Peer 1: 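Below is a structure I'd like to ask you about.
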Amino acid sequence: MLPLQGIRVIDVTTNISGPSLTMILADLGAEVIKIERPGIGDEARKMAPLVKEDGTFFLNINRNKKSVVLNLQLQEAKEVMYELIHDADIFVENYRLGKADKLGLGYDTLKSLNKGLIYCSLTAYGQKGPSKHKPGYDAILQAETGLMSMTGSDQLARVPVSILDQGSAVWGALGILAALLQRKENGQGQKVETSLFETGVHWVGYHLLSTMLTGQNPEKLGSNHASFAPYGAFQTADVPIMIGISNDRLFEKLCEVVEKQHWLKDERFASNVMRVQNRALLNEKLADILRTKKAHDWLAAQEEQGVPSAVIQQMTDVAMHPQTLSNKMLIDAEHPNNGNIRLTRLPITLSSVDLKVRNTPPVLGEHTVEVLKALGKSEVEIERLINMQALQN
């Protein structure tokens with residue numbers, strides 16, 4: 001059995017943060033019933049880039065789920081939702097704060113229907129404070145939590161993956177798993193809260209502590225590291241490589257590779273503290289040397305000495321990287337519209353079970369009839385609800 005087999009999740013989330021959270025639960029074996037709006041569905045379905053009209057964001061984070069279309073503006077659809085909640089273990093929403101209550105899906109309402117329900121609310125700014133009602137997107141929260149103040153070099157730049165969306169998804173999933181364990185002890189559900197803002201503040205924790213202790217904000221260092229040198233990207237005769245020297249022992253090995261052993265006796269470079277202070281000069285000298293040979297030659301020599309380094313890969317390279325393939329990070333799945341697609345698996349390996357893609361991302365409303373029949377609805381009743389536009393299949 002998969003770890004969460006037998007656990008039912010009602011998922012009303014859209015875009016990236018919430019669906020990433022419920023994908024984690026689905027991959028771990030939970031039955032995730034994704035409730036979507038008529039006609040539109042999850043907004044990520046049309047989030048570019050598109051492949052045959054399917055958004056790649058949606059395809060990546062909605063496998064192993066069932067799609068049910070309910071028009072929650074109608075009371076009849078809401079009654080179906082309440083029936084689903086009655087037997088559910090988990091409910092996940094990432095509405096703007098207050099919208100769940102307006103829809104009749106707030107924590108107190110659903111808790112009254114199911115005392116054992118674990119209710120997860122994932123918001124932009126958290127449920128307290130002056131910004132709690134503000135909408136938020138990953139890039140906006142990267143700005144507001146200080147990530148963008150440190151990212152890049154000359155120009156402002158965001159981290160080009162949805163790091164706060166997906167980070168908050170992981171914290172939400174972890175909170176849900178903790179609540180499931182606690183429910184085993186006391187039989188009670190509870191509310192789990194997380195947000196992009198809280199995730200961002202947590203991610204910058206050591207920078208925040210350093211600033212509070214020293215009074216100095218972090219510098220924008222590009223690929224460099226505030227605590228170590230040399231540590232960053234360097235151009236070789238063909239492609240750039242990344243080198244990470246985190247202590248004096250590794251610097252000694254690097255000096256062997258570039259045949260500059262006399263740097264070890266140069267007071268400007270003799271210790272990591274001094275190398276950090278003289279980072280610009282050291283980087284300049286090292287860059288001049290590294291441009292004289294191709295990346296492959298430098299990496300072979302550095303690997304022999306145990307110097308941490310790598311070519312800066314493009315996505316086309318990552319897809320075919322021996323480590324990607326050896327660790328089976330890409331899973332083949334057959335999609336009804338797009339044929340074979342290769343999805344990244346959860347970065348978790350369990351020795352007793354295989355966390356594979358059991359079902360491809362669903363077509364909008366693909367499971368509406370199946371789920372309602374499981375609730376005991378007759379074909380006549382389902383047809384009536386479809387005709388009044390409470391459902392869509």
Side-chain angles (χ1 to χ4, degrees), residues 9-27 32-74 77 81 92-97 99-100 102-103 105 122-124 134-142 158-169 172 196 315 319 330-345 357-371 386 389-393:
V9 180
I10 306 302
D11 171 14
V12 296
T13 66
T14 62
N15 289 314
I16 298 174
S17 60
S20 294
L21 189 164
T22 55
M23 179 197 69
I24 295 170
L25 303 179
D27 281 10
V32 175
I33 299 175
K34 183 178 180 70
I35 307 299
E36 300 191 72
R37 293 175 293 176
I40 303 170
D42 185 338
E43 292 172 352
R45 285 185 178 274
K46 298 302 177 185
M47 194 179 292
L50 301 179
V51 180
K52 293 185 180 179
E53 300 186 355
D54 290 312
T56 51
F57 280 92
F58 181 88
L59 293 175
N60 189 51
I61 56 176
N62 284 284
R63 72 278 188 112
N64 292 333
K65 302 178 186 179
K66 296 178 178 179
S67 173
V68 171
V69 175
L70 295 179
N71 182 0
L72 294 175
Q73 302 300 322
L74 298 180
M81 171 68 90
V92 186
E93 58 91 2
N94 66 341
Y95 294 125
R96 189 169 173 176
L97 189 64
K99 183 176 178 180
K102 290 179 181 177
L103 287 172
L105 300 175
L122 201 166
T123 57
K134 288 175 63 176
Y137 294 90
D138 192 279
I140 305 302
L141 273 298
Q142 284 192 36
R158 69 175 183 88
V159 180
V161 295
S162 299
I163 190 169
L164 300 185
D165 278 326
Q166 295 185 75
S168 60
L196 277 68
M315 289 302 104
L330 300 177
I331 304 175
D332 290 300
E334 197 67 25
H335 190 267
N337 294 337
N338 299 291
N340 185 69
I341 58 177
R342 308 196 77 193
L343 303 173
T344 52
R345 67 168 175 82
V357 175
R358 304 182 305 283
N359 299 290
T360 55
V363 173
L364 182 62
E366 180 179 344
H367 303 94
T368 300
V369 172
E370 172 192 323
V371 169
I386 290 173
Q389 299 185 331
L391 309 178
Q392 179 183 318
N393 62 351

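If you're wondering where the values come from, they're calculated on a predicted model, not measured in any experiment. Excluded from the calculations below are hydrogen atoms, water molecules and symmetry mates; all remaining heavy atoms, backbone and side chain alike, are included.
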Peer 1: Does a donor on one side chain and an acceptor on the other come within less than 3.5 Å for S162 and D138?
Peer 2: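 No - no donor-acceptor pair under 3.5 Å links their side chains.
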
Peer 1: Would you find a donor on one side and an acceptor on the other, under 3.5 Å apart, between the side chain of D332 and the backbone of R342?
Peer 2: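 No; zero donor-acceptor contacts below 3.5 Å.
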
Peer 1: Between the side chains of E43 and N15, does any donor sit under 3.5 Å from an acceptor?
Peer 2: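 Yes, N15 and E43 have a side-chain donor paired with an acceptor closer than 3.5 Å.
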
Peer 1: Where is the tightest heavy-atom contact between K65 and A26, given as atom of each residue plus distance?
Peer 2: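 Heavy-atom minimum between the residues: CG-CB, 4.3 Å.
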
Peer 1: Taking atom CE of M47 and atom CZ of F57, what is their separation to the nearest 0.5 Å?
Peer 2: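 Spacing of CE (M47) from CZ (F57) equals 6.5 Å.
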
Peer 1: Got a second to check how far N337's CG is from L59's CG, nearest 0.5 Å?
Peer 2: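 If we round to the nearest 0.5 Å, N337:CG and L59:CG are 8.5 Å apart.
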
Peer 1: Salt bridge (charged side-chain N to carboxylate O under 4.0 Å, His left out) for E93 and K99? Distances and angles first, verdict last.
Peer 2: CA-CA 10 Å; E93 58 91 2; K99 183 176 178 180; over 6 Å; no

Peer 1: For atom CD of E53, is the number of surrounding heavy atoms from other residues, nucleotides or ligands below 6.0 Å larger than 12?
Peer 2: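 12 or below, so no.
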
Peer 1: When you compare the side chain of V92 with that of V9, does any pair of heavy atoms fall below 4.5 Å?
Peer 2: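 When only atoms from C-beta onward are counted, V92 and V9 do touch, with a gap below 4.5 Å.
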
Peer 1: I need the T22 OG1 to L122 CG distance, nearest 0.5 Å.
Peer 2: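 T22 atom OG1 to L122 atom CG measures 10.0 Å (nearest 0.5 Å).
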
Peer 1: Say you draw a straight line from CG of N71 to CE of M81; how long is it, rounded to the nearest 0.5 Å?
Peer 2: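 Going from CG on N71 over to CE on M81, the span is 11.5 Å.
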
Peer 1: Kindly give the heavy-atom pair with the smallest separation between S168 and L196, and that separation in Å.
Peer 2: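 That would be OG-CD1, 3.6 Å.
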
Peer 1: To the nearest 0.5 Å, what is the distance between OG (S17) and CD1 (I61)?
Peer 2: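 The distance works out to 8.5 Å.
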
Peer 1: Dump the intermediate steps for salt bridge (charged side-chain N to carboxylate O under 4.0 Å, His left out) on K34 and D42, then the final yes or no.
Peer 2: CA-CA 9 Å; K34 183 178 180 70; D42 185 338; 2.9 Å; yes

Peer 1: Between atom CD1 of I35 and atom NZ of K66, what is the distance when rounded to the nearest 0.5 Å?
Peer 2: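 I35 CD1 to K66 NZ: 11.5 Å, rounded to 0.5 Å.
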
Peer 1: Does N60 reach the main-chain N or O of T56 with its side chain, forming a donor-acceptor pair under 3.5 Å?
Peer 2: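 No; zero donor-acceptor contacts below 3.5 Å.
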
Peer 1: Assess the residue pair R345 and D27 against the criterion (salt bridge (charged side-chain N to carboxylate O under 4.0 Å, His left out)); give the C-alpha distance rounded to whole Å, side-chain angles, the decisive distance to 0.1 Å, and a yes or no.
Peer 2: CA-CA 8 Å; R345 67 168 175 82; D27 281 10; over 6 Å; no

Peer 1: Write down the atom of R158, the atom of A139, and the distance for their closest heavy-atom approach.
Peer 2: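 That would be CD-CB, 3.8 Å.
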
Peer 1: Do you know which two heavy atoms are closest between I24 and A169, and how far apart they sit?
Peer 2: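 Nearest heavy atoms, I24 then A169: CD1-O, 4.1 Å.
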
Peer 1: Would you find a donor on one side and an acceptor on the other, under 3.5 Å apart, between the side chain of T368 and the backbone of V69?
Peer 2: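 Present.
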
Peer 1: Under a 4.5 Å cut-off applied to non-hydrogen side-chain atoms, are L103 and Y95 in contact?
Peer 2: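 Sidechains of Y95 and L103: in contact.
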
Peer 1: For residues V357 and N359, determine if any side-chain heavy atom of one lies less than 4.5 Å from a side-chain heavy atom of the other.
Peer 2: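 No, their side chains stay 4.5 Å or more apart.
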
Peer 1: Hydrogens and angles aside, do S67 and E366 bring a side-chain donor and acceptor to less than 3.5 Å of each other?
Peer 2: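 E366 and S67 do not have a side-chain donor-acceptor pair below 3.5 Å.
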
Peer 1: Can you see which heavy atom on T360 is nearest to which on P336, and at what distance?
Peer 2: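 For T360 and P336, the tightest heavy-atom pair comes out as OG1-CD, 3.8 Å.
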
Peer 1: Taking all non-hydrogen atoms of both residues, which atom of T14 and which atom of N94 are closest, and how far apart?
Peer 2: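 T14 and N94 have their closest heavy atoms at O-ND2, 3.0 Å.
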
Peer 1: Is there a side-chain contact between P361 and H335, using heavy atoms and a 4.5 Å cut-off?
Peer 2: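 Yes; the side chains approach each other to less than 4.5 Å.
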
Peer 1: Mark yes or no for whether D11, through its side chain, and I33, through its backbone, hold a donor-acceptor pair below 3.5 Å.
Peer 2: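 Not confirmed, D11 side chain does not pair with I33 backbone.
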
Peer 1: Q392 and side-chain contact (heavy atoms from CB on, under 4.5 Å): which partner among L70, L364, I386, V68?
Peer 2: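 For Q392, the side-chain contact (heavy atoms from CB on, under 4.5 Å) test succeeds with only one of L70, L364, I386, V68, which is L364.
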
